[in-house]
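This report refers to the structure that appears directly beneath it.
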Amino acid sequence: MTNAPLEIETRRAQVVIVGAGPTGLVAANLLGLAGIETVVLERSAGLSSYPRAISIDDEGLRICQALGLLDEVLKDVLLDVPVRYLSGRHVLARIAPRQQRHGFPLFSVFYQPALEATWFQGLKRFPDVNCYFEHIVEGVEQDDQHVGLHVKTPAGDVVRLECDYLLACDGGRSQIRRQLGIAMRGRSAPQKWLVVDCEQDRSAETIIQFFCNPDRPAVTLPAPGQRRRWEFMLLPGEQESELLELERIRALIQLYDPASQVQVTRQAIYAFHALRAKQLSRGRIFLLGDAAHLMPPFGGQGLNSGLRDAHNLCWKLALVLGGQASPRLLESYQDERAEHVDQMIRFSTLLGRVIMPTVRPLALLRDMILGCLNLVPAAREIIREAAIKPPPKYKAGWQLPGGGIGGIKRQSLRGLMLPQPLVMNEAGKSVRLDELLGQGFALLRLTSDPQTAFVGWEGAYWEGLPLRLLGVIPRPGVLRKEKAAGLPLVVADPAVITIGDIQGVLGNLLQQRQDVYLLVRPDRYILDVFPVLDSATFQRTLKDSLLARNLI
């Protein structure tokens with residue numbers, strides 16, 4: 001349940017989140033789903049009314065699915081928006097991915113105030129999650145047992161709040177990060193951009209367009225509800241105050257859309273950064289979202305990276321607070337997220353370099369290179385599918401010891417985000433895989449006999465640890481045949497869920513092997529794949545790892 005902005009009634013919580021922006025709200029929902037007592041503190045009087053972020057990718061939508069809010073979120077999202085790079089009238093590149101490896105389109109756009117409102121409403125599902133506005137954190141301290149916060153209430157009183165862990169989601173100017181003395185690494189681009197948000201957009205084109213014009217690079221993105229965003233690079237010698245004038249803004253827009261009659265609702269000037277905190281945590285305090293990293297917007301990865309931070313950390317916190325894992329598990333947050341964030345910063349910076357050249361010879365060289373690449377079918381396909389985007393895979397962090405399995409490269413699967421194909425459920429309906437995985441761990445096995453697929457897992461180290469067992473039938477015709485005959489799918493263990501691999505994705509992932517298990521983490525990343533015959537040894541190894549007996 002979410003409280004009105006009143007003074008804090010309780011002085012103790014398991015987790016405190018500072019900041020009710022996208023990352024903080026998503027983290028609060030994830031902790032609420034895990035039954036973790038959570039307090040959210042926001043210094044503003046309410047949610048932001050400005051559409052700062054605008055792009056969400058397939059991984060971001062998958063996290064919304066994990067929140068149980070997918071249907072509500074999709075009401076305010078334009079799905080599957082293609083991207084076009086233009087140089088004058090010449091198309092440099094088209095990006096329109098056909099594959100949906102994670103169950104959703106690679107590029108979609110949203111209206112941030114509506115999306116935040118959906119996440120905020122989602123908190124009302126949880127009696128142990130409370131949000132307080134106009135509460136300002138003035139100081140924090142920590143020891144081996146807890147974190148203490150000094151919080152200024154709307155009445156001006158300063159109260160003390162204690163928690164087991166603190167999540168700093170307080171933005172790019174994070175006061176908590178500064179108090180901890182954690183420096184940012186990377187570079188701040190001196191180049192500034194004018195960002196304009198508009199309503200009453202009558203354009204029929206729902207496409208993201210990058211105008212790679214050396215005279216003035218620009219970007220336009222559609223948004224739900226006949227909204228549109230324009231971004232224009234500031235040129236040397238231009239005065240910010242002049243660029244913010246409405247007449248100048250309308251003139252800039254009409255350079256690219258002469259018929260435009262949009263209503264400007266917000267204009268601001270931003271300097272784009274490429275920065276990451278050197279440490280993503282210190283003791284019991286963790287940095288997430290913009291407090292942890294800032295990146296150029298060209299890849300649309302700022303908000304999405306914050307959502308990944310929350311999804312990576314919150315299930316680990318739940319296990320630690322539930323006594324099912326050692327606090328050492330939380331150390332993997334740094335190793336897993338830092339490397340992936342760095343990849344996204346480099347990716348976003350590279351895309352920016354494609355559109356930002358203002359020197360004509362350099363822009364001409366870019367046009368020639370992209371033109372040559374488009375003549376090569378393989379290269380053109382890579383561009384169309386946006387295959388240069390770093391894949392969601394953790395190469396470091398929480399890993400279990402063990403080598404390869406005959407015929408399967410174990411290392412190629414460990415740390416990889418599990419694909420989300422359509423599968424057939426026990427009712428014979430086609431659903432996204434995650435709808436059946438649950439909120440905890442999931443153990444999958446490709447099998448033609450689900451009744452015996454998980455023998456040996458009874459009484460294992462799963463008491464109190466969320467685990468769902470899924471028997472994956474490689475030939476969905478088996479399911480259809482049994483349903484047609486009126487024979488229910490009964491397995492020896494009623495906890496086993498039987499699904500049909502109707503797209504063959506899971507079978508291909510496991511190379512059609514029916515003698516291995518695949519263990520998936522709550523954030524949908526593959527923890528490990530191991531032989532069925534080694535399940536007893538694997539269970540002991542996993543238990544030791546969770547309890548920090550052999551954490552790597």
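The figures here come from the full heavy-atom set of this structure, side chains too, leaving out hydrogens, waters and symmetry mates.
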Thr265 to Cys198 - nearest heavy-atom pair and separation: OG1-N, 4.0 Å

Ignoring hydrogens, what is the shortest heavy-atom contact between Ala34 and Ala318? Give both atom names and the distance. CB-CB, 3.7 Å

Spacing of Leu30 atom CG and Leu313 atom CG [to the nearest 0.5 Å]: 10.0 Å

With a sphere of 6.0 Å drawn around CZ of Arg43, does it hold more than 12 non-hydrogen atoms of other residues, nucleotides or ligands? no

Any side-chain heavy-atom pair from Val26 and Ile63 closer than 4.5 angstrom? yes

Identify whether the distance between the nearest side-chain nitrogen and carboxylate oxygen of Arg11 and Glu162 falls below 4.0 Å. no

Rounded to the nearest 0.5 Å, what's the gap from CD on Gln267 to CD on Glu240? Could you check? 12.5 Å

Do the side-chain N and O atoms of Gln65 and Glu435 include a donor-acceptor pair separated by under 3.5 angstrom? yes

Do Leu243 and Leu252 make a side-chain contact, defined as non-hydrogen atoms from C-beta onward lying under 4.5 Å apart? yes

With a 4.5 Å limit on heavy-atom distance, are the side chains of Leu74 and Leu61 in contact? yes

Are the side chains of Ser332 and Lys316 in contact, using a 4.5 Å heavy-atom criterion? yes

Determine whether Phe298 and Phe272 make a side-chain contact, defined as any pair of heavy atoms from C-beta on separated by less than 4.5 Å. yes

Test salt bridge (Lys or Arg N to Asp or Glu O under 4.0 Å) applied to Asp434 and Arg62, step by step: CA-CA 8 Å; Asp434 288 6; Arg62 194 172 186 179; 2.6 Å; yes

For Asp157 and Lys152: C-alpha separation, side-chain torsions, deciding distance, then whether salt bridge (Lys or Arg N to Asp or Glu O under 4.0 Å) applies. CA-CA 6 Å; Asp157 301 322; Lys152 186 176 181 180; over 6 Å; no

Using only heavy-atom distances, determine whether the side chains of Gln263 and Glu199 contain a donor-acceptor pair under 3.5 Å. no

Pick out which of Arg276, His293, Arg308 makes a side-chain contact (heavy atoms from CB on, under 4.5 Å) with Met344. Arg308

Could you check whether Arg227 pairs with Asp76 (Lys NZ or Arg NE/NH1/NH2 to Asp/Glu carboxylate O, under 4.0 Å)? no

Just by distance, with hydrogens left out, do Asn304 and Glu59 show a side-chain donor and acceptor under 3.5 Å apart? no

Is it the case that the side chains of His150 and Glu141 hold a donor-acceptor pair, with the cut-off being a distance below 3.5 Å and no angle test? yes

On a heavy-atom basis, which atom in Leu351 and which in Gly299 lie closest, and how many Å separate them? CD1-CA, 3.7 Å

Should Phe441 and Tyr525 be marked as a ring pair (Phe, Tyr, Trp, His ring centres under 6.0 Å) after you check the CA-CA gap, both sets of side-chain angles, and the distance that decides it? CA-CA 10 Å; Phe441 289 87; Tyr525 284 80; over 10 Å; no

Strictly by modelled atom types, are Ser44 and Glu42 linked by a side-chain donor-acceptor pair under 3.5 Å? yes

Here the pair of heavy atoms bringing Gly440 nearest to Pro466 is CA-CB, 3.7 Å

Donor-acceptor pair between Glu116 and Gln112 side chains, under 3.5 angstrom: yes

Nearest-0.5 Å distance, CZ of residue Arg266 to OG of residue Ser49: 9.0 Å

State whether a side-chain donor-acceptor pair under 3.5 Å links Glu72 with Gln121. no

If you round to the nearest 0.5 Å, how far is OG of Ser305 from CG of Asp290? 9.5 Å

Could you report the tightest heavy-atom contact between Pro222 and Val109, atom names first, then the distance? O-CG2, 3.2 Å

So for atom CG, which belongs to Asp144, do other residues, nucleotides or ligands contribute more than 12 heavy atoms lying within a distance under 6.0 Å? no

Would you say the side chain of Val77 lies within less than 4.5 Å of the side chain of Tyr111, judging by non-hydrogen atoms? no

Side-chain contact test, heavy atoms from C-beta onward, threshold under 4.5 Å: evaluate it for Leu418 versus Leu433 and give yes or no. yes

Flag the pair Lys393 and Glu336 as a salt bridge only when some basic side-chain nitrogen lies within less than 4.0 angstrom of an acidic carboxylate oxygen. no

Provide the closest heavy-atom pair for Leu167 versus Ala27 in the form atom of the first, atom of the second, distance. CD1-CB, 4.1 Å

Gap separating the CH2 atom of Trp193 from the CD atom of Glu231, nearest 0.5 angstrom: 7.0 Å

If we count only N and O atoms by modelled type, under 3.5 Å, do the side chains of Arg346 and Thr349 hold a donor and an acceptor together? no

Is any side-chain heavy atom of Pro113 less than 4.5 Å from a side-chain heavy atom of Tyr50? no

Is it true that Lys389 and Asp57 have a side-chain N and a carboxylate O under 4.0 angstrom from each other? yes

Using a distance-only test with no angle check, is there a side-chain donor-acceptor pair under 3.5 angstrom linking Arg178 and Ser174? no

Quick check, are the ring centers of Tyr333 and Trp398 under 6.0 angstrom apart? no

To the nearest 0.5 angstrom, please state how far the CG atom of Leu443 sits from the CG atom of Leu470. 8.5 Å

Less than 4.0 Å between a side-chain N and a carboxylate O, is that true for Arg521 and Asp523? yes

